[in-house]
Asker: 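Below is a structure I'd like to ask you about.
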Amino acid sequence: MAKRLSVVDVQRCVGCQSCMFACVRRFGKGGLEGSCIHVRSAGGFHQGFVVHVCRACDNPICSRVCPTDALTPREGGGVHLKPERCIGCGNCIEACPFGAITKDDERDKVIVCNYCGYCASYCPYDVIKHEEIIR
């Protein structure tokens with residue numbers, strides 16, 4: 001069964017970015033650059049935070065707008081990224097309604113979640129969850 005990340009309760013998010021650090025760490029790097037999940041302020045601490053994560057769409061628009069088939073639909077929803085095909089055009093970034101795709105400017109390639117769930121285990125407030133997709 002396919003899995004995805006879901007935002008369980010964004011009200012619990014304190015903006016610690018532990019999920020982002022964990023995502024980058026799985027590649028053996030430090031910092032936040034290259035994270036596939038993004039946490040940002042919703043307009044100040046009292047406004048809370050927004051968590052951007054790939055929602056594993058059934059018919060992903062990001063895949064449909066990719067001119068090189070670098071993003072291919074994944075069984076169960078979402079996409080697989082084939083970085084060797086990515087030309088860095090940014091069509092998928094503009095098309096994603098959730099702001100879940102970003103760009104690695106150094107490599108001129110996009111970055112998108114691969115649904116590993118590593119980040120969810122590092123969230124101290126259970127804001128995100130790695131779960132099976134039930135359709």
Side-chain angles (χ1 to χ4, degrees):
M1 175 75 47
K3 292 192 172 197
R4 71 167 172 204
L5 284 176
S6 63
V7 179
V8 177
D9 187 354
V10 75
Q11 298 300 320
R12 292 189 231 166
C13 184
V14 298
C16 68
Q17 300 177 327
S18 292
C19 56
M20 293 177 64
F21 283 109
C23 180
V24 174
R25 185 175 171 195
R26 73 189 171 96
F27 298 113
K29 298 180 179 180
L32 297 173
E33 190 173 329
S35 178
C36 298
I37 186 169
H38 306 281
V39 177
R40 67 170 178 81
S41 171
F45 189 75
H46 296 290
Q47 297 297 318
F49 297 90
V50 177
V51 180
H52 295 278
V53 63
C54 180
R55 305 287 174 88
C57 303
D58 283 331
N59 186 14
I61 191 168
C62 59
S63 175
R64 294 194 316 261
V65 300
C66 181
T68 62
D69 292 325
L71 293 172
T72 56
R74 177 179 79 120
E75 187 176 330
V79 292
H80 285 293
L81 171 64
K82 297 177 182 169
E84 68 279 1
R85 291 187 179 179
C86 180
I87 58 172
C89 68
N91 289 353
C92 56
I93 295 169
E94 291 180 32
C96 179
F98 306 108
I101 303 174
T102 58
K103 190 170 184 182
D104 178 344
D105 291 324
E106 187 175 303
R107 293 179 46 228
D108 197 31
K109 308 281 183 189
V110 297
I111 301 168
V112 64
C113 182
N114 69 359
Y115 320 102
C116 72
Y118 192 71
C119 58
S121 63
Y122 283 88
C123 179
Y125 298 100
D126 297 321
V127 174
I128 54 176
K129 181 178 175 183
H130 192 227
E131 63 185 2
E132 286 188 7
I133 299 173
I134 300 171
R135 307 237 191 233

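Numbers here are sequence positions counted from 1.
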Asker: How about Val79 and Tyr115: do any of their side-chain heavy atoms sit closer than 4.5 Å?
Answerer: yes
Asker: Which distance, rounded to the nearest 0.5 Å, do you find between the CZ of Arg74 and the CG of Asp58?
Answerer: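 Here the interatomic distance stands at 11.0 Å.
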Asker: Got a second to check how far Lys129's NZ is from Asp9's CG, nearest 0.5 Å?
Answerer: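 Interatomic distance, Lys129 NZ to Asp9 CG, rounded to 0.5 Å: 12.5 Å.
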Asker: Using side-chain heavy atoms (C-beta onward) and a distance below 4.5 Å, is Ile101 in contact with Leu71?
Answerer: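 Result yes, sub-4.5 Å side-chain heavy-atom pair found.
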Asker: Any chance CZ of Arg25 has more than 12 other-residue heavy atoms, nucleotides or ligands included, within less than 6.0 Å?
Answerer: no
Asker: Could you list the residues that satisfy side-chain hydrogen bond (donor to acceptor under 3.5 Å, both in side chains) with His52, not counting sequence neighbours?
Answerer: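 For His52, the residues satisfying side-chain hydrogen bond (donor to acceptor under 3.5 Å, both in side chains) (neighbours in sequence not counted) are Arg40.
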Asker: Are Cys66 and Cys92 packed together at the side-chain level, in the sense that at least one heavy-atom pair is separated by less than 4.5 angstrom?
Answerer: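 No; the side chains remain at least 4.5 Å from each other.
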Asker: Can you tell me how far the SG atom of Cys113 sits from the NE2 atom of His38, to the nearest 0.5 Å?
Answerer: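 Reported value, rounded in 0.5 Å steps: 9.5 Å.
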Asker: Less than 4.0 angstrom from a charged side-chain N to a carboxylate O is my criterion; do Lys3 and Glu131 meet it?
Answerer: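 Answer for the salt bridge query: no.
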Asker: If I take atom SG from residue Cys54 and atom CG from residue Leu81, how far apart are they, to the nearest 0.5 angstrom?
Answerer: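 Atom-to-atom, Cys54:SG and Leu81:CG are 11.0 Å apart.
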Asker: Please examine the side chains of Cys62 and Val112, heavy atoms only from C-beta on, and report whether any two atoms are closer than 4.5 Å.
Answerer: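 No, every pair of side-chain atoms sits at 4.5 Å or beyond.
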Asker: Can you measure from CD1 (Ile93) to CD1 (Ile111) and round to the nearest 0.5 angstrom?
Answerer: 8.5 Å
Asker: Could you state the interatomic distance from NZ (Lys82) to OG1 (Thr72), rounded to the nearest 0.5 Å?
Answerer: 4.0 Å
Asker: Identify the heavy atoms of Pro67 and Cys89 that sit nearest to each other, and give their distance.
Answerer: CD-SG, 3.8 Å
Asker: Are Lys103 and Asp108 side-chain neighbours, meaning at least one heavy-atom pair lies under 4.5 Å?
Answerer: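 Yes, at least one pair of side-chain atoms sits under 4.5 Å.
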Asker: Can you check whether Val51 reaches Cys13 side chain to side chain, under 4.5 Å on heavy atoms?
Answerer: yes
Asker: Applying side-chain hydrogen bond (donor to acceptor under 3.5 Å, both in side chains), name anything that partners Ser121, two or more places apart in sequence or on another chain.
Answerer: none
